[in-house]
Number of protein chains: 2
Amino acid sequence: MSRVEVDEKIRRFTVMCRKTGLRLTPQRIEIYKHLVKTDEHPSAEILYEKVKKTFPNISFDTVNRTLLTLNEIGAAFIVEGSGDVRRFDGSMEKHQHFKCVKCKRIIDFHHKPFDIIKLPASIGKKFKILKKVVYVEGICDLCK
Amino acid sequence: MSRVEVDEKIRRFTVMCRKTGLRLTPQRIEIYKHLVKTDEHPSAEILYEKVKKTFPNISFDTVNRTLLTLNEIGAAFIVEGSGDVRRFDGSMEKHQHFKCVKCKRIIDFHHKPFDIIKLPASIGKKFKILKKVVYVEGICDLCK
DNA sequence: TGACACATAGGAATTACTACTATATAGTAA
DNA sequence: TTACTATATAGTAGTAATTCCTATGTGTCA
Ligand SMILES: [Mn+2]
Ligand SMILES: [Mn+2]
Ligand SMILES: [Zn+2]
Ligand SMILES: [Zn+2]
């Protein structure tokens with residue numbers, strides 16, 4: 001993602017923050033910037049290490065709390081998976097994930113039919129649906 | 001699930017163990033029995049509490065390790081989700097899950113079209129696919 | 001029945017995440 | 001510009017979940 005694109009995302013992020021009453025702290029923007037510019041679906045720990053380069057005194061809790069906040073306001077989300085370290089995604093484009101069970105890499109792909117899967121009516125009626133996910137697990141090209 | 005059905009599952013489980021070279025310990029069988037007879041997708045902790053009634057001295061680690069072993073040999077699996085306590089499923093029937101984000105209940109449903117979703121060729125070629133999951137998240141009937 | 005590789009019990013250690021609190025600062029209004 | 005206040009952060013402690021370690025026990029097989 002180009003510098004210009006990242007800047008544009010940050011601009012839109014600042015608007016989201018103002019709308020939701022969140023303060024625009026330099027830490028928050030820095031965390032968002034690192035999350036949105038990568039497609040590696042980093043953990044809080046990984047982002048903590050990156051943000052430390054600009055904010056040597058930032059605490060892990062601030063990074064983690066901020067990421068949960070981003071998830072709350074819909075600026076990012078927690079990646080689905082089976083019981084590993086929590087991973088975050090700053091891309092709100094419709095897409096799906098492949099996760100390697102060995103190296104834990106999470107790789108984006110987009111298959112349009114997966115965006116519009118229809119649930120049986122019985123489920124839709126009984127529950128309030130927030131998220132429908134198609135998720136693929138296996139061994140990646142580098143590991144096999 | 002009836003007593004007879006559970007017994008049949010356990011019989012088949014003993015065959016699986018012999019095939020994979022796993023020893024048939026009473027603890028292992030008891031853990032499997034509790035997992036297979038419920039549809040509540042228990043955590044290791046919950047199963048530990050149940051198995052303790054028959055094996056008061058069993059350790060948590062034995063329960064957890066056994067569950068991971070069951071996942072290894074394909075007698076059970078780890079339920080997909082976004083970053084909560086690890087949950088297990090003893091049913092190897094094709095089915096899907098709805099998870100309530102509030103009470104964390106995991107509810108089985110079965111929608112046949114979801115069993116046969118087709119991945120784009122690019123993904124199937126590049127990676128070794130082990131699992132394709134359709135996963136639904138929301139608020140359950142009891143919570144909303 | 002004996003040998004031994006695998007499994008378990010008990011507890012310690014590690015990892016992941018969350019809570020607490022004093023200090024700092026973004027937003028706002030004088 | 002300045003002062004105020006609610007929110008955010010830093011530093012640290014605490015909790016929860018999971019994994020590791022090791023001595024002892026036991027299922028399996030010869
Ligand atoms: Mn992604
Ligand atoms: Mn299930
Ligand atoms: Zn891999
Ligand atoms: Zn619920």
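In what follows, chains are A, B, ... by sequence order, proteins preceding strands, each numbered from 1. Worth knowing before you read on, the calculation uses all heavy atoms, side chains too, and leaves out hydrogens, waters and symmetry mates. Only a predicted model underlies this, so the values are computations on that prediction, with no experimental measurement involved.
Applying the side chain to side chain contact (heavy atoms under 4.5 Å, CB included) rule to A/Asp108 yields the partners A/Asp39, A/His41, A/Asp89, A/His95, A/His97; only residues at least two apart in sequence or on another chain are considered. A search for salt bridge (Lys or Arg N to Asp or Glu O under 4.0 Å) contacts involving B/Glu30 returns B/Lys33, not counting sequence neighbours. Residues passing the salt bridge (Lys or Arg N to Asp or Glu O under 4.0 Å) test with A/Lys94: none are found, sequence neighbours excluded. Contacts of B/Glu40 classified as salt bridge (Lys or Arg N to Asp or Glu O under 4.0 Å), with partners at least two apart in sequence or in another chain: none. With sequence neighbours left out, the side chain to side chain contact (heavy atoms under 4.5 Å, CB included) criterion links B/Glu49 to B/Glu45, B/Lys52. Applying the salt bridge (Lys or Arg N to Asp or Glu O under 4.0 Å) criterion to A/Asp115, with sequence neighbours excluded, gives no partner residue. Residues satisfying the side chain to side chain donor-acceptor pair (under 3.5 Å) test with B/Ser2, not counting sequence neighbours, are B/Glu5. Considering only residues two or more places apart in sequence or on other chains, B/Lys126 meets the side chain to side chain contact (heavy atoms under 4.5 Å, CB included) condition with A/Asp141.
DNA chain C is contacted by B/Arg28 of residues 28-36 of chain B, taking any non-hydrogen atom closer than 4.0 Å.
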Enumerate all atom pairs, one protein N or O and one N or O from nucleotides 11-17 of chain D, separated by less than 3.5 Å.
{"unit_1": "D/dG11", "atom_1": "OP2", "unit_2": "A/Asn57", "atom_2": "O", "d": "2.7"}

Using a cut-off of under 3.5 Å, enumerate the N/O to N/O pairs linking the protein to nucleotides 26-30 of chain C.
{"unit_1": "C/dA26", "atom_1": "O3'", "unit_2": "A/Leu24", "atom_2": "N", "d": "3.4"}
{"unit_1": "C/dA26", "atom_1": "N3", "unit_2": "A/Arg23", "atom_2": "NH1", "d": "3.3"}
{"unit_1": "C/dG27", "atom_1": "OP1", "unit_2": "A/Leu24", "atom_2": "N", "d": "3.0"}

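Ring planes of B/Tyr48 and B/Phe60: perpendicular class, angle over 60° (limits at 30 and 60°).
Other members of the cluster containing B/Val134 are A/Phe98, A/Ile107, A/Phe109, A/Phe114, A/Ile117, A/Leu119, A/Ile123, A/Phe127, A/Ile129, A/Val134, A/Val136, B/Phe98, B/Ile107, B/Phe109, B/Phe114, B/Ile117, B/Leu119, B/Ile123, B/Phe127, B/Ile129, B/Val136, with ILVMFWY side chains joined at under 4.5 Å, either directly or via other members.
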